[in-house]
There are 2 protein chains.
Amino acid sequence: MGNQPQIRTTTEAWESLFRTQVAVMRRLQQLPEFKKLAMREYDVLFNLSNCPTGWTRLNELNEALLISQPSLSRMVERLEAKGLVRRRTAESDQRGIEISLTEAGAKLQQEIGREHVRHLHEMLAPRLSEAEFRQLHELTDKLRTGLKNS
Amino acid sequence: MGNQPQIRTTTEAWESLFRTQVAVMRRLQQLPEFKKLAMREYDVLFNLSNCPTGWTRLNELNEALLISQPSLSRMVERLEAKGLVRRRTAESDQRGIEISLTEAGAKLQQEIGREHVRHLHEMLAPRLSEAEFRQLHELTDKLRTGLKNS
DNA sequence: CCATATTACATGCAATTGCATCTATGGACT
DNA sequence: AGTCCATAGATGCAATTGCATGTAATATGG
């Protein structure tokens with residue numbers, strides 16, 4: 001397998017990845033779809049829409065986001081008040097709560113998602129080739145899944 | 001050159017990159033070096049430390065960060081109050097202000113930076129080979145620099 | 001089975017953030 | 001120069017966030 005990477009190599013690769021993420025995010029945030037709902041809130045709806053059973057535990061959801069547990073707790077509260085999300089206590093563990101999209105939430109997610117995907121593609125597609133995007137996908141997948149067990 | 005990439009390819013690559021960034025950030029945020037200074041504040045010091053002249057315009061700095069202009073304005077105010085940063089009005093443009101690290105700020109940046117780099121390397125190095133990190137670096141660089149002109 | 005530790009989420013409260021707006025300077029056009 | 005528009009940052013204020021902590025439920029160890 002490959003050699004043990006140098007410190008400079010790993011940190012500079014991370015730096016580049018991070019700055020790229022910032023650059024893309026800055027552009028995305030300004031787009032009209034995120035005036036309907038803040039990006040962080042959309043991200044919650046998106047995560048919920050990806051869950052196979054439809055219901056997700058709060059702590060599980062929290063792991064996919066950069067906000068603190070109390071912040072998520074209150075964000076879910078607000079999303080519930082807006083009618084985009086539902087909650088129930090988990091059957092298997094009375095401490096836990098599970099969350100799912102309401103119909104309105106699913107609809108809004110799809111609506112924003114469609115525009116988001118279109119803008120994302122417009123922004124990114126001209127920069128790399130199909131093969132390069134696939135390569136990027138593979139590398140970041142490998143990096144992320146490697147992290148899970150640590 | 002490469003083919004025009006498919007929508008799925010670009011968006012899934014982005015999704016993977018983004019989730020990877022979240023996963024790494026979550027781990028980084030908990031490390032002891034970021035109890036001295038919040039990560040967002042460290043990022044400001046880091047950006048200042050990278051500037052060749054030592055002085056950076058506030059709006060320029062803002063472009064490298066995900067926070068809003070008023071937030072940055074106040075963050076700089078706080079960093080100044082802590083003695084980590086200095087400001088002056090720009091000579092060429094009386095509206096603008098320029099910022100630089102104080103000695104204490106430079107020292108703290110280096111101190112946190114050292115630990116940060118070490119932890120980052122420990123976290124990432126085992127996941128990819130030297131060649132793969134270089135590839136990742138190239139791809140994200142290409143993606144980011146392509147964005148600048150749009 | 002009881003005491004204790006741990007986990008999941010909620011809540012009080014202070015700090016940070018963003019939005020809208022304000023002030024001041026600079027630039028452009030006549 | 002004078003008017004108008006754009007840009008750089010600052011500020012009022014409400015909303016969001018995080019930290020510390022609280023409550024309730026579950027796991028663990030004797």
Side-chain angles (χ1 to χ4, degrees), chain A residues 22 25-45 47-48 51 55-82 84-100, chain B residues 22 25-45 47-48 51 55-82 84-100:
Chain A
V22 169
M25 279 292 158
R26 276 191 70 83
R27 283 166 177 76
L28 290 176
Q29 274 183 336
Q30 294 169 329
L31 296 175
E33 58 267 35
F34 295 114
K35 272 157 193 158
K36 302 177 188 173
L37 204 64
M39 220 162 151
R40 286 177 157 187
E41 294 178 322
Y42 170 73
D43 202 20
V44 169
L45 300 195
N47 271 278
L48 290 176
C51 170
W55 293 89
T56 312
R57 280 289 292 271
L58 193 64
N59 57 356
E60 191 183 342
L61 187 56
N62 200 174
E63 281 166 28
L65 307 170
L66 280 178
I67 64 178
S68 67
Q69 174 271 311
S71 290
L72 178 58
S73 194
R74 282 180 178 132
M75 185 185 291
V76 166
E77 198 172 274
R78 292 192 300 271
L79 290 173
E80 191 182 25
K82 287 185 190 174
L84 301 173
V85 144
R86 237 191 306 268
R87 8 167 165 201
R88 69 181 187 195
T89 50
E91 298 151 43
S92 60
D93 183 344
Q94 296 293 109
R95 294 169 300 181
I97 78 166
E98 292 174 335
I99 303 148
S100 79
Chain B
V22 169
M25 279 292 158
R26 275 191 72 82
R27 283 166 176 76
L28 290 176
Q29 275 183 334
Q30 294 170 329
L31 295 175
E33 57 267 35
F34 295 114
K35 270 153 195 163
K36 303 177 189 174
L37 205 64
M39 219 161 153
R40 285 178 158 186
E41 295 177 321
Y42 169 72
D43 202 20
V44 169
L45 300 195
N47 271 278
L48 290 175
C51 170
W55 293 90
T56 311
R57 280 288 293 271
L58 193 65
N59 57 356
E60 192 183 340
L61 186 57
N62 200 173
E63 282 167 26
L65 307 171
L66 279 177
I67 63 177
S68 67
Q69 175 270 313
S71 289
L72 179 58
S73 193
R74 282 179 178 134
M75 185 185 291
V76 166
E77 198 173 275
R78 293 192 301 269
L79 290 173
E80 190 182 26
K82 287 186 191 175
L84 301 173
V85 144
R86 236 191 308 269
R87 8 167 164 200
R88 68 182 188 196
T89 50
E91 299 150 41
S92 59
D93 184 342
Q94 295 293 109
R95 293 169 301 180
I97 78 165
E98 291 173 334
I99 303 149
S100 79

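Predicted model only: the values in this text are computed from it and were never measured. Lettering of chains follows the sequences in order, A, B, ..., and the numbering in each one begins at 1.
- For A:Pro70, whose side chain is taken as the heavy atoms from C-beta onward, the closest listed nucleotide among D:dG9, C:dT17, D:dC19 is D:dC19.
- B:Asn62 has its side chain within reach of A:Arg26: a pair of non-hydrogen atoms, C-beta onward, lies under 4.5 Å apart.
- With A:Glu98 as the partner, the salt bridge (charged side-chain N to carboxylate O under 4.0 Å, His left out) test is satisfied by one option alone out of A:Arg86, A:Arg57, A:Arg88: A:Arg88.
- The separation between A:Leu58 atom CG and D:dA24 atom C1' is 15 Å, rounded to whole Å.
- Protein atom CZ of B:Arg78 is 14 Å distant from nucleotide atom P of D:dG18, rounded to whole Å.
- The 5' end of DNA chain D is approached more closely, in terms of each residue's nearest nucleotide, by A:Leu66 than by the other of A:Glu91 and A:Leu66.
- Side-chain contact between A:Leu65 and A:Asn47 is present, with heavy atoms from C-beta onward closer than 4.5 Å.
- One can place CG of B:Asp93 at 6 Å from P of C:dG26, the figure rounded to the nearest angstrom.
- With hydrogens and angles ignored, no donor-acceptor pair under 3.5 angstrom links the side chain of B:Gln94 to the base of C:dA24.
- Atom-to-atom, CZ of A:Arg57 to C1' of C:dA8 comes out at 7 Å; the value is rounded to the nearest Å.
- For the pair B:Leu37 CG and C:dT16 P, the computed distance is 11 Å after rounding to whole Å.
- Put simply, A:Asn59 has no side-chain N or O that comes within less than 4.0 Å of OP1 or OP2 on C:dT7.
- Between D:dT17 and A:Ser71, no contact under 4.0 Å exists linking OP1 or OP2 to a side-chain N or O.
- Residue B:Ile67 is in sugar-phosphate contact alone, with no base atom involved, counting any heavy-atom pair closer than 4.0 Å across all strands shown.
- Once rounded to the nearest 0.5 Å, the distance linking CZ of A:Arg87 with OG of A:Ser73 reads 6.0 Å.
- Looking at which nucleotide of DNA chain D each of A:Leu72 and B:Gly96 is closest to, the 5′-most match is held by B:Gly96.
- Taking 3.5 Å as the limit, the base of C:dG18 and the side chain of A:Arg40 contain no donor-acceptor pair of atoms between them.
- Between A:Glu98 and A:Gln29, the residue anchored nearer the 5' end of DNA chain C, judged by the nucleotide with its closest heavy atom, is A:Glu98.
- In this structure, A:Glu63 places its CD atom 12 Å from C1' of C:dA8, rounding to the nearest Å.
- To the nearest angstrom, P of C:dT11 lies 11 Å from CD1 of A:Ile97.
- Judged by distance alone, with hydrogens and angles left aside, B:Arg74 brings no side-chain donor or acceptor close enough to the base of D:dG9 to form a pair under 3.5 Å.
- The shortest side-chain heavy-atom distance between A:Glu80 and A:Ile99 does not fall under the 4.5 Å cut-off.
- Which of D:dA10, C:dT11, C:dA10 sits closest to the side chain of A:Glu77 comes down to C:dT11.
- Residue side chain B:Arg95 does not reach the base of C:dG27 through any donor-acceptor N/O pair under 3.5 Å, judged by distance alone.
- Put simply, CD on A:Gln69 is 16 Å from P on D:dT23, counting in whole angstrom units.
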